[in-house]
Amino acid sequence: MSVGTLITALTAAGIVAAGLGASQEPEAEKVSVRLERTYNPDETQAYTFSFALEMPEAGELKMSGGFTRKVIEMLDEGWAEIETSIDSMTVSFGDVEMPTGELPEPETEKFDKYGMPAKIDLSGNESIAIVLLGGYVPAMEVELKGKFPIEWESEDGEITIEGEGELVATGRLYEEHVAKLELNFTFSPVDEAAGELKVTAYVNSETCKLVKAVGTVTIDDPNAGEITGSFEVKKVRDK
């Protein structure tokens, strides 16, 4: 299994937010929420990310940094072209920091109403770009405390995601109103080992733009053994 595949599995949830403390937990305010990603022509959002992978015999891989997403063009049927640029990145293996070289060039991808990119490239050398995935939503109206199916397939059929989510609460987080989601799903690349993910995510209640997410992944690879990981993605706050 490639490191790119592992990173993709980690971030597909979005790939896809850290839980609030008890005193900050969003209060139930809405009966239901339309959990569908909508884009704005002038939308730009910076994020920070971190994740760690524990691989049998090989050791622990850590990566952290920042990236920015910018809507370049609005497309039909609720899609948008989004440019993602890596702003910073550090990588370490064990206790040794690894050289990263030049940062990847910005990439432009189509994103859909589920908050997902049209395709996920597992073979590219710039696998760090996969960290930019996040914020899966089911593109449907969901009642508070209600469950919903997680069903998504990449445009080329190379990746599928299946499982179940729940709209846990709504309320305020940082400067905006959010919906808190619990996601449990299987990330299945063609010809690669599947990953089991558990994610807590906070998305904007109106646009479903990702605000913050935290999760874990377990991959039972027939060659590498059981690989476990954890990750966090959060927006850079406006204030």
Side-chain angles (χ1 to χ4, degrees), residues 8 11-17 30 32-49 65-88 103-122 124 126-142 148-161 165 167 170 172-181 183 185 187 199 201-213 233-239:
T8 304
T11 56
I15 261 127
V16 182
K30 293 186 176 182
S32 64
V33 178
R34 180 70 187 179
L35 295 176
E36 180 172 325
R37 183 67 168 99
T38 57
Y39 305 93
N40 296 313
D42 59 349
E43 181 181 306
T44 300
Q45 182 63 62
Y47 292 90
T48 60
F49 69 89
F67 63 91
T68 300
R69 278 177 173 165
K70 180 180 180 181
V71 172
I72 301 300
E73 182 180 356
M74 302 293 289
L75 304 175
D76 294 337
E77 299 181 356
W79 288 58
E81 279 195 2
I82 295 181
E83 179 188 80
T84 299
S85 57
I86 305 296
D87 305 319
S88 63
L103 295 176
E105 292 293 324
E107 292 189 354
T108 300
E109 303 168 283
K110 294 190 301 179
F111 277 70
D112 61 21
K113 62 183 179 180
Y114 300 97
M116 299 289 286
K119 297 180 181 180
I120 301 174
D121 183 9
L122 301 182
E126 298 175 355
S127 56
I128 179 58
I130 298 170
V131 171
L132 313 177
L133 305 184
Y136 171 89
V137 287
M140 61 187 296
E141 190 85 13
V142 180
F148 53 85
I150 296 175
E151 299 175 336
W152 180 85
E153 182 176 343
S154 61
E155 196 172 59
D156 56 8
E158 291 293 313
I159 306 290
T160 58
I161 293 175
L167 172 58
T170 64
R172 297 201 68 83
L173 176 63
Y174 305 148
E175 303 81 28
E176 56 195 302
H177 196 280
V178 300
K180 178 183 178 181
L181 311 178
L183 309 174
F185 61 90
F187 176 90
V199 181
Y202 295 87
V203 298
N204 182 280
S205 297
E206 298 298 326
T207 65
C208 286
K209 180 178 71 175
L210 181 65
V211 176
K212 199 174 181 183
V233 182
K234 58 183 178 181
K235 79 167 193 174
V236 175
R237 298 178 64 182
D238 297 327
K239 56 184 177 182

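Treat the numbers as computed from the prediction; the structure is a model and nothing was measured.
In this structure, NZ on K70 lies 10.0 Å from CG on D42, to the nearest 0.5 angstrom. In this structure, I72 CD1 and T44 OG1 are separated by 8.0 Å, a value rounded to the nearest 0.5 Å. Interatomic distance, K113 NZ to M140 CE, rounded to the nearest 0.5 Å: 11.0 Å. Put simply, NZ on K234 and CG on L173 are 10.5 Å apart, with the number rounded to the nearest 0.5 Å. To the nearest 0.5 Å, atoms CG (L210) and CD (Q45) are separated by 9.0 Å. Going from atom CG of L103 over to atom CD1 of I86 covers 7.5 Å, rounded to the nearest 0.5 Å.
Distance alone, capped at 3.5 Å, places no donor-acceptor pair between the Y39 side chain and the T207 backbone.
What you find for R34 and A139 is that their closest heavy atoms are NH2-O, 3.4 Å. A pairwise comparison of heavy atoms in E155 and W79 identifies OE2-CH2, 4.3 Å as the closest pair. For the residue pair T68 and A46, the shortest heavy atom distance occurs at OG1-CB, 3.8 Å. The shortest heavy-atom contact between R37 and V137 is N-CG2, 3.7 Å. Counting all heavy atoms, side chain and backbone alike, F148 lies closest to L167 at CE2-N, 3.8 Å. Contact detail for V211 and Y47: the closest heavy-atom pair is O-CE2, 4.5 Å.
Using a 4.0 Å cut-off between charged nitrogen and carboxylate oxygen, E158 and K119 do not count as a salt-bridge pair. Using a cutoff of 4.0 Å between basic side-chain nitrogens and carboxylate oxygens, K209 and E176 are not scored as salt-bridged.
N40 is not listed as a side-chain neighbour of V71, based on a closest heavy-atom distance of 4.5 Å or more. Contact annotation: the side chain of I120 approaches that of F187 to within less than 4.5 Å [non-hydrogen atoms, C-beta and beyond].
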*Please lay out, stage by stage, how L181 and L35 fare under the test side chain to side chain contact (heavy atoms under 4.5 Å, CB included).*
CA-CA 10 Å; L181 311 178; L35 295 176; 3.8 Å; yes

*Might you work through the side chain to side chain contact (heavy atoms under 4.5 Å, CB included) test for I159 and W152, ending with a clear yes or no?*
CA-CA 8 Å; I159 306 290; W152 180 85; 4.0 Å; yes

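Between F67 and F49, the two ring planes are tilted [angle within 30° to 60°].
Counting only N and O atoms by type, the side chains of T108 and E81 include no donor and acceptor under 3.5 Å apart.
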